[in-house]
Number of protein chains: 2
Amino acid sequence: MGDTPGVSEPTLEEQIAAYQREFRDLDPQVEKIVSALSRLNRRMNVAYGRQTAALGISNAEWEVLKALVLAGAPYRLGPSDLAKRLGLTPAAMTHRIDRMVGEGLVTRERDESNRVRVIVELTDEGREKWLEAMRMATVFEEDLLQDLSSEDRGVLGEVLTRLLRRVEDAQPDAGGRLSDLD
Amino acid sequence: MGDTPGVSEPTLEEQIAAYQREFRDLDPQVEKIVSALSRLNRRMNVAYGRQTAALGISNAEWEVLKALVLAGAPYRLGPSDLAKRLGLTPAAMTHRIDRMVGEGLVTRERDESNRVRVIVELTDEGREKWLEAMRMATVFEEDLLQDLSSEDRGVLGEVLTRLLRRVEDAQPDAGGRLSDLD
DNA sequence: AAGCTAAAGTTCGAAGTTGAACTCTACACC
DNA sequence: GGTGTAGAGTTCAACTTCGAACTTTAGCTT
């Protein structure tokens, strides 16, 4: 097998060098930021995935739990609201809720004051799962940022929010699905 | 229908405030960084998705084109290598390549020197698509970072790579799928 | 009041992904 | 040289998602 050298994923530095070779007018500074961001995000999702799996749920389900908790007590939202917040189609939301009802994480009932609507509500078990996931997540996040001084953290948070505001203004979620795509 | 107030996605600030309400020992500084990162990434993927869609390809296909270009001339990789780099199962890779062969973006042929292997190679059309996507992406990225001074960009790039190194060390891709999950 | 229109959810079929089983080739060992 | 083992890639069934069609209810309009 002396044929193919160790063809593993290129490092960030190799990747940037390769892009510059193939695409002359590339700003390496910009590329570094964008690529690091994207890789970092992927790794973080993997980490979250391992943690939620340890709790017997999926990242997808964790997203639903988070949205419900964020809504505040009594932790209720309609399927459409949930779908909007998670960037899913209503169809996908229907199935996701089916599953989670089956697992006892949420309940689904018709809104008697407006019978077109459905209310999805967090169960105690769902809330408990969220809490455990949250505990694990914060440990991981704290570890991730361990090497950053408090000032660095402040600056990083500021810069990222600045960038976020810029995309959000350019992309006012109008109309469009916020599908994840990656 | 004056019943449900405008239940739209909470802003980053609202989200952090809500989490603090529900989970006492949450570091708002950490949460801000992590949430901004994740939202930013989602928005960026939406933006890339619109651009690649304008070229008649998907983000998924763009990822394959990128991996092949990164491999350097003659732009060849095996399905397993591709799968590893993209964080997909070999099964998914098979189907993805099927599609892309049908669209003329890549070719697939057996490696005559080792007939177990398959070589996926970028076509000229595939390379051209990559180039156009790259041009659009860099315009978007430059616009995204427009408000950041060169020093800010440098610092941001450094900090992000530092974080990336930290997760990569803790998570040496060993064994595990690098599935995206969100 | 009858009918229109809009909105909420669900159902259905097509597309993409996954994990597991399977096939085929290359290489090592006795 | 035959057998075994490991690796590459594909096939298959189950699951998740999407887009579009559809059902049901609420609120308008005349």
Side-chain angles (χ1 to χ4, degrees), chain A residues 1-4 6-8 45-46 49 53 57-64 76-103 106 108-120 175-182, chain B residues 1-8 45-46 49 52-53 57-64 76-103 106 108-120 175-182:
Chain A
M1 186 160 297
D3 209 59
T4 317
V7 217
S8 62
N45 284 333
V46 172
I57 63 178
S58 66
N59 268 1
E61 291 169 330
W62 189 34
E63 294 295 328
V64 177
R76 299 173 164 200
L77 285 174
S80 303
D81 290 332
L82 278 169
K84 271 194 211 85
R85 290 166 190 243
L86 302 189
L88 287 180
T89 59
M93 208 58 241
T94 294
H95 299 312
R96 205 125 126 182
I97 294 168
D98 285 349
R99 239 178 299 146
M100 295 181 70
V101 168
E103 295 166 341
V106 302
R108 167 162 45 191
E109 52 182 280
R110 295 215 89 81
D111 179 347
E112 287 307 329
S113 73
N114 181 340
R115 302 187 37 73
V116 181
R117 297 207 165 160
V118 168
I119 298 174
V120 177
R177 250 319 16 72
L178 278 177
S179 47
D180 296 74
L181 295 161
D182 92 324
Chain B
M1 189 154 299
D3 211 57
T4 317
V7 216
S8 61
N45 283 333
V46 172
T52 51
I57 63 177
S58 66
N59 268 3
E61 291 169 331
W62 189 34
E63 293 295 328
V64 177
R76 299 173 165 197
L77 285 175
S80 302
D81 290 332
L82 278 169
K84 271 194 211 85
R85 290 168 191 241
L86 303 188
L88 287 180
T89 59
M93 208 59 241
T94 293
H95 299 313
R96 204 123 127 184
I97 294 167
D98 285 348
R99 241 178 297 148
M100 295 181 70
V101 168
E103 295 166 341
V106 300
R108 167 162 45 191
E109 52 184 279
R110 293 215 91 81
D111 179 347
E112 286 309 327
S113 73
N114 181 339
R115 302 187 37 73
V116 182
R117 298 211 163 155
V118 167
I119 299 175
V120 177
R177 249 318 18 71
L178 277 174
S179 48
D180 294 74
L181 294 160
D182 95 318

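Per chain, numbering begins at 1; letters A, B, ... match sequence-line order.
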Point-to-point distance, once rounded to the nearest 0.5 Å, from CE of A:Met100 to CE of A:Met93: 7.0 Å
Shortest side-chain distance from A:Arg115, nucleotide among D:dA26, C:dG9, D:dT10: D:dA26
So what does B:Ser80 touch, heavy atoms closer than 4.0 Å: a base, only the sugar-phosphate, or nothing? sugar-phosphate
Go through D:dT11, C:dG16, D:dT17 for me and flag the one nearest to the A:His95 side chain. D:dT17
Judged by each residue's nearest nucleotide on DNA chain D, which is more toward the 5′ side, B:Ala91 or A:Arg96? B:Ala91
Residue pair A:Val116/A:Ala92 against DNA chain D: nearer the 5' end by closest nucleotide is A:Ala92
Distance, rounded to the nearest Å, where A:Met100 contributes CE and D:dT17 contributes P: 11 Å
Give me the bend of the helix from C:dA1-D:dT30 to C:dC30-D:dG1, using the axes of the five pairs at each end, rounded to 10°. 0°
Side-chain N or O of A:Arg108 closer than 4.0 Å to phosphate OP1/OP2 of C:dT10: yes
Contacts of A:Arg110 that satisfy side-chain contact (heavy atoms from CB on, under 4.5 Å) - sequence neighbours left out: A:Glu112, A:Arg115, A:Val118
Any base atoms under 4.0 Å from B:Arg110, or only sugar-phosphate, or nothing? Heavy atoms, all strands. nothing
side-chain N/O A:Arg99 vs D:dT16 OP1/OP2, d < 4.0 Å: yes
